[in-house]
Amino acid sequence: MASLRDLGLSEYEARAYRSLLNIGPTTAKELSRASDVPMGRIYDVLNSIEQYNLVRSQTASRPKKYVAVEPATALDRLLDDKKRELDEKAEQYESIVDDLAAELDAAEPVEEQFWTASVGPEETIDLLLERLTAADQDIVMVAADPAPRMDIRTVGDEVLAHLEDALDRGVSVDVLMTRELVASLSENVGRRYQKTLQQREDFAVRTSDAVTGSFNIIDGVEVCIQVPNPLASQEVFGMIDLKDPEFAADVHEEFHPSWERATPLEF
């Protein structure tokens with residue numbers, strides 16, 4: 001069950017606040033008895049929850065009396081405090097990530113051949129987005145008709161967001177796809193293409209009915225190949241990611257004539 005401790009109060013602070021709600025305005029001595037908070041701790045506890053703005057005190061009275069702030073207001077204040085803490089933590093983590101990114105990027109990239117694979121639609125998209133994020137020079141994307149079990153509208157939005165991030169990093173992007181795939185994308189993708197991407201010199205989209213497979217070339221050295229299900233060709237089985245400059249160059253050489261014959265996309 002949820003408790004005040006989940007919002008940052010200690011056990012004694014939670015007991016004191018609940019007791020104040022039940023007994024109304026009272027002195028520290030009376031509150032100590034009602035809440036079972038030791039007398040030696042009660043003033044520290046009251047000062048603490050007063051700093052949280054959960055109680056109000058009547059300083060003119062002798063002895064000093066305390067009253068609880070209404071629960072709705074008290075909970076809102078605790079929630080706001082927690083949100084501020086989370087925002088500060090998020091800023092700290094973002095700063096740490098920025099520092100580590102600069103430090104880790106200083107290492108020389110490994111040039112050896114390497115391959116990995118993912119199986120299943122979700123894992124395939126995760127691998128694709130990961131490799132798009134890794135690009136720092138250029139991306140060539142070739143996309144055939146969408147698989148029936150893949151939510152192409154959601155995927156299209158995610159892919160476009162990653163392509164926009166890549167463009168902001170100075171990566172050039174060429175996309176070759178079928179007209180049918182264009183029609184399957186969300187209206188949001190079309191609007192973002194028209195308003196922000198169509199005029200960019202480092203971003204180009206062309207269409208061709210000759211496209212039958214889906215693959216991506218990353219920085220001219222890495223190829224991500226989508227693998228159809230051998231038992232159901234219209235379903236995604238997985239993706240193979242192969243880092244091999246020679247193979248990537250061969251794939252790009254095969255891609256170039258199709259790109260030249262394709263039609264620039266216009267809405």
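Basis for what follows: all heavy atoms, side chains included, without hydrogens, waters or symmetry-related copies. Everything numeric in this text was worked out from a predicted model, so none of it was measured.
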Minimum side-chain heavy-atom gap Ile218-Leu132 below 4.5 Å: yes

Atom pair CG (Asp98) and CD (Glu94), whose distance is rounded to the nearest 0.5 Å: 7.5 Å

Considering all heavy atoms, the nearest Tyr52-Gly8 contact: OH-O, 3.6 Å

Polar side-chain atom of Glu13 near backbone of Ser10 as donor-acceptor pair, under 3.5 Å: yes

Atom of Ala68, atom of Leu20 and distance for their closest heavy-atom approach: CB-CB, 3.7 Å

Verdict with reasoning, Ile139 to Asp174, per side chain to side chain contact (heavy atoms under 4.5 Å, CB included): CA-CA 6 Å; Ile139 296 171; Asp174 290 334; over 6 Å; no

Leu197 and Glu164: CA distance, side-chain angles, deciding distance, side chain to side chain contact (heavy atoms under 4.5 Å, CB included) verdict: CA-CA 8 Å; Leu197 297 176; Glu164 288 178 325; 4.0 Å; yes

Close side-chain approach of His162 to Thr133, heavy-atom, < 4.5 Å: yes

Thr27 versus Pro63, closest heavy-atom pair with distance: CG2-CG, 3.5 Å

Asp126 vs Ser118 side-chain heavy atoms within contact, under 4.5 Å: no

Pair Leu4-Arg18, side chain to side chain contact (heavy atoms under 4.5 Å, CB included): steps then yes or no: CA-CA 9 Å; Leu4 289 170; Arg18 287 181 180 275; 4.1 Å; yes

pair Arg56-Val69: side-chain heavy atoms closer than 4.5 Å: yes

Between NZ on residue Lys64 and OG1 on residue Thr26, distance to nearest 0.5 Å: 13.5 Å

Euclidean distance, Trp115 CH2 relative to Ile240 CD1, rounded to 0.5 Å: 7.0 Å

Nearest-0.5 Å distance that lies between atom CZ in Arg84 and atom CG in Leu79: 10.0 Å

Student check: side-chain heavy atoms of Val159 and Met141 closer than 4.5 Å: yes

Polar side-chain atom of Arg169 near backbone of Ala135 as donor-acceptor pair, under 3.5 Å: yes

Any donor-acceptor pair under 3.5 Å from Ser95 side chain to Glu91 backbone: no

Salt bridge flag under 4.0 Å for residues Arg179 and Asp209: no

Rounded distance [0.5 Å steps], CG in Asn53 versus CG in Asp76: 12.5 Å

Main-chain N/O of Ala144 paired to Ser214 side chain as donor or acceptor, under 3.5 Å: yes

4.5 Å side-chain heavy-atom contact, Met177 and Val142: no

Sidechain-backbone polar pair: Asp219 side chain, Val221 backbone, donor-acceptor under 3.5 Å: no

Approximate separation, where rounding is to 0.5 Å, of Asp44 CG and Ile49 CD1: 11.5 Å

Heavy atoms from other residues, nucleotides or ligands near CD of Gln199 exceed 12 (cutoff 6.0 Å): yes

Side-chain donor/acceptor of Asp36 to backbone N/O of Ser32, under 3.5 Å: no

Flag for Ser57-Glu50: side-chain donor and acceptor within less than 3.5 Å: yes

Contact summary for Ala16 and Leu31, nearest pair of heavy atoms: O-CD1, 3.7 Å

Arg200 bridged to Asp168 by N-O distance under 4.0 Å: yes

Non-hydrogen side-chain atoms of Phe237 and Pro121 separated by less than 4.5 Å: no

Heavy-atom side-chain proximity of Arg206 to Val175 below 4.5 angstrom: no

Leu46 versus Ala28, closest heavy-atom pair with distance: CD1-CB, 3.8 Å

Heavy-atom pair of closest approach, residues Leu176 and Ala262: CD1-CB, 3.4 Å

Side-chain donor/acceptor of Asp138 to backbone N/O of Ser172, under 3.5 Å: no

Whether over 12 other heavy atoms sit under 6.0 Å from Lys29 NZ: no

Phe215, CZ: over 12 other non-hydrogen atoms inside 6.0 angstrom: yes

For Val251, the option from Ile217, Val140, Asn216, Leu242 that meets side-chain contact (heavy atoms from CB on, under 4.5 Å): Ile217

Greater than 12 external heavy atoms within 6.0 Å of Glu246's CD: no

Flag, side chain of Ser35 to backbone of Arg15, donor-acceptor distance under 3.5 Å: no

Aromatic plane relationship, Trp259 with Phe255 - under 30° parallel, 30 to 60° tilted, over 60° perpendicular: tilted

